[in-house]
Amino acid sequence: MTFRTRYTGLIETYRDRLPVSDSTRIISLGEGNTPLIKLNNISELQDEQINFYVKYEGLNPTGSFKDRGMTMAVTKAVEDGAKAIICASTGNTSAAAAAYAARAGITAFVLIPDGKIAQGKLAQAMMEGAVVLQVKGNFDDGMRLVKEIANEAPVTVVNSINPYRLQGQKTAAFEIVEELGYAPDFHYLPVGNAGNITAYWIGYSEYACIKGEQATAACTHCNNVCPYINEQIITARPKMVGYQASGSAPFMRGEMIDKPETVATAIRIGYPQSWDYAWIVREESGGWFDECDDSEILATQKLLAEKEGIFCEPASAISVAGALRDINLGKIPKNSCVVCTLTGHGLKDPDTAIKQSTAPVIRVDAKLSQVKSAILENMIE
Ligand code: AN7
């Protein structure tokens, strides 16, 4: 019997492609290495013969893709001697920041929008010992304050304007390529600040890069010339497709918006921090931006749970909602390979899930006869 090597996180796995040295103390919770699940049961996909996968990032240690960026950002903050980190967050970044700060033994300050953060995320930040500041305003107000306070207090910002975040997050693209053996034709993501779509593009571009050439104009890590590359692993990169919630869709409006609204609170963002990068990604990849309304988001969240047993949070479902719509519209050629990132776990937001569940919970007396009749009445033919 050969035993498997213990998986110790994405920095160890990709250390030759990340800005760490042999003496760096790595702050990790075993993030990354998430499953790429092929969807089988959704009928559109069978009809159109699409090879359709979801990258289930909800299975990271704190339940979202933010862990990939946070292991890197907190590792570097600690290496640089930081005693405290700070972020504004719609919820998932704060949960990840709190966890990795706890792991490192430093303080996390998190600014969250008033009343618009899913319960699971708040519970995480509180349990993990973050100092939670509930700002009377939205994410964009919090982000503005974080940028201002960084000049006034000894705190390291770990929002995705911290370039180490995107370096950690690019590893999701590496994992996909390594499992498929090639890059997908299309990659769909929810877009809030547009950090993640940029990070995936950097990842795919590094794997497609020839030594000494510019990987992508979005690559800030190594002055656009990546020193780590000695092998071109893929020759084609995907078209990157970013979906926004209709009430929070600055990329569709072509300008920042002041009062973003959506049930998908994770992406309730009007001033995306990676605005310029995201346009570069669209341009270089030949992809596009589009939007879905809240009812489409929730219907797809439910579809994924009911048909495939995959429970993601509302913001994550928008990637699949968009891809299914584009497939129905004939935008995706037959036999294409499509990957959608499911950015966060459904357990993050139990309230929204329960509110939209139509199936009644059947109350019974603790009697065999009642359980039996409930079963017989509800058997699916
Ligand atoms: C589940 O936590 O911005 O486009 O403060 O939590 O990289 O911003 C969360 C973003 C998608 C959007 N899906 O990613 C935060 C925060 C989920 C998210 C996004 C977020 P970006």
Side-chain angles (χ1 to χ4, degrees), residues 34 54-60 62-70 73 86-99 108 110-113 116-118 120-122 124-125 130 132 135 138-143 146 157-162 165-166 168-170 172 187-202 218 240-245 248-251 260 262-275 277-278 281-282 289 292 297 301 311-322 340-349 352:
T34 56
V54 293
K55 180 73 169 157
Y56 194 16
E57 289 286 280
L59 292 193
N60 275 296
T62 77
S64 87
F65 73 97
K66 301 287 182 182
D67 294 341
R68 289 184 188 270
M70 207 54 76
I86 190 166
C87 65
S89 180
T90 57
N92 281 325
T93 301
S94 62
V110 305
L111 278 67
I112 57 167
K116 293 281 185 175
I117 161 173
K121 303 174 187 179
L122 181 59
Q124 288 177 292
V132 179
V135 178
N138 59 25
F139 167 85
D140 303 306
D141 295 312
M143 194 62 234
V146 163
V157 177
V158 295
N159 282 102
S160 54
I161 55 172
N162 177 329
R165 280 277 310 278
L166 301 195
Q169 286 170 215
K170 76 183 179 185
H187 192 125
Y188 280 77
L189 286 143
V191 169
N193 279 305
N196 211 26
I197 197 167
T198 305
Y200 272 86
W201 185 242
I202 291 172
M240 303 297 295
V241 186
Y243 264 81
Q244 299 215 282
S248 304
F251 286 102
T262 168
V263 69
T265 52
I267 50 172
R268 187 170 168 269
I269 295 168
Y271 282 66
Q273 297 300 310
S274 294
W275 177 261
Y277 287 143
V281 173
R282 195 199 68 159
F289 296 117
C292 287
I297 292 171
Q301 184 195 19
F311 188 23
C312 67
E313 66 172 285
S316 308
I318 201 171
S319 60
V320 173
C340 296
T341 300
L342 297 181
T343 44
H345 203 289
L347 292 172
K348 292 274 191 174
D349 191 354
T352 305

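We count ligands from 1, going down the list as the structure has it; atoms in each ligand are counted the same way. Computed from a predicted structure; not experimentally measured.
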Between atom OG1 of T93 and atom CG of D67, what is the distance when rounded to the nearest 0.5 Å?
10.0 Å
Ligand-side contact atoms (ligand 1) for residue partner G195, heavy atom cut-off under 4.0 Å
4 (O), 7 (O), 21 (P)
Closest to atom 4 (O) of ligand 1 (heavy atoms only, candidates A194, G142, A317) is A194
Check ring-ring contact (aromatic ring centres under 6.0 Å, His included) between F65 and all other residues, then give those that pass, not counting sequence neighbours.
none
At under 4.0 Å between heavy atoms, which part of K348 makes contact with ligand 1: side chain, backbone, both or neither?
neither
With a cut-off of 4.0 Å, which atoms of ligand 1 are near a heavy atom of V191?
4 (O)
Distance-only polar pair, side chains of H187 and T341, donor-acceptor under 3.5 Å
yes
Taking atom 21 (P) of ligand 1 as the point of reference, which of T93, N159, N193, T90 owns the nearest heavy atom?
N193
Is there a donor-acceptor pair under 3.5 Å between the side chain of S319 and the backbone N or O of S316?
yes
Please could you name the atoms of ligand 1 that N92 approaches to less than 4.0 Å, counting only its heavy atoms?
1 (C), 2 (O), 6 (O), 17 (C), 18 (C)
Do the side chains of K66 and E57 get close enough for a salt bridge, i.e. N-O under 4.0 angstrom?
no
Tell me: protein heavy atom nearest atom 14 (O) of ligand 1, and distance?
F65 CZ, 3.5 Å
Say you draw a straight line from OG of S274 to CG of L166; how long is it, rounded to the nearest 0.5 Å?
5.5 Å
Show which atoms of ligand 1 fall inside a sub-4.0 Å distance from at least one heavy-atom site of I269.
3 (O)
May I ask you to check whether G192 has an N/O atom sitting below 3.5 Å from an N/O atom of ligand 1?
yes
Taking the six-membered ring for Trp and the single ring otherwise, decide whether the centroids of W275 and F251 are under 6.0 Å apart.
yes
K348 and N92 side chains, donor-acceptor separation under 3.5 Å:
yes
Return yes if some donor-acceptor pair links the side-chain N/O of Q273 with the main-chain N/O of Y271 below 3.5 Å, else return no.
yes
The protein heavy atom nearest to atom 18 (C) of ligand 1 is A266 CB, 3.5 Å
Of all the atoms in ligand 1, which lie at a distance below 4.0 Å from a heavy atom belonging to G91?
2 (O)
Which heavy atom of the protein is the closest neighbour of atom 7 (O) of ligand 1, given with residue, atom name and distance?
N196 N, 2.8 Å
For atom 13 (N) of ligand 1, what is the closest protein heavy atom, and at what distance to 0.1 Å?
T343 OG1, 2.7 Å
What atoms in ligand 1 come closer than 4.0 Å to a heavy atom of I267?
11 (C), 12 (C), 19 (C)
Ligand-residue contact atoms, ligand 1 with E313, heavy atoms, under 4.0 Å
1 (C)
Under a 4.0 angstrom heavy-atom cut-off, which atoms of ligand 1 come close to S89?
2 (O), 5 (O), 15 (C)
Shortest protein contact, atom 10 (C) of ligand 1 (heavy atom only):
K66 NZ, 3.2 Å
Say whether T198 and R165, considering side chains only, have a donor N or O and an acceptor N or O under 3.5 Å apart.
no
Measure the spacing between CD1 of I267 and OG1 of T262 and express it to the nearest 0.5 Å.
5.5 Å
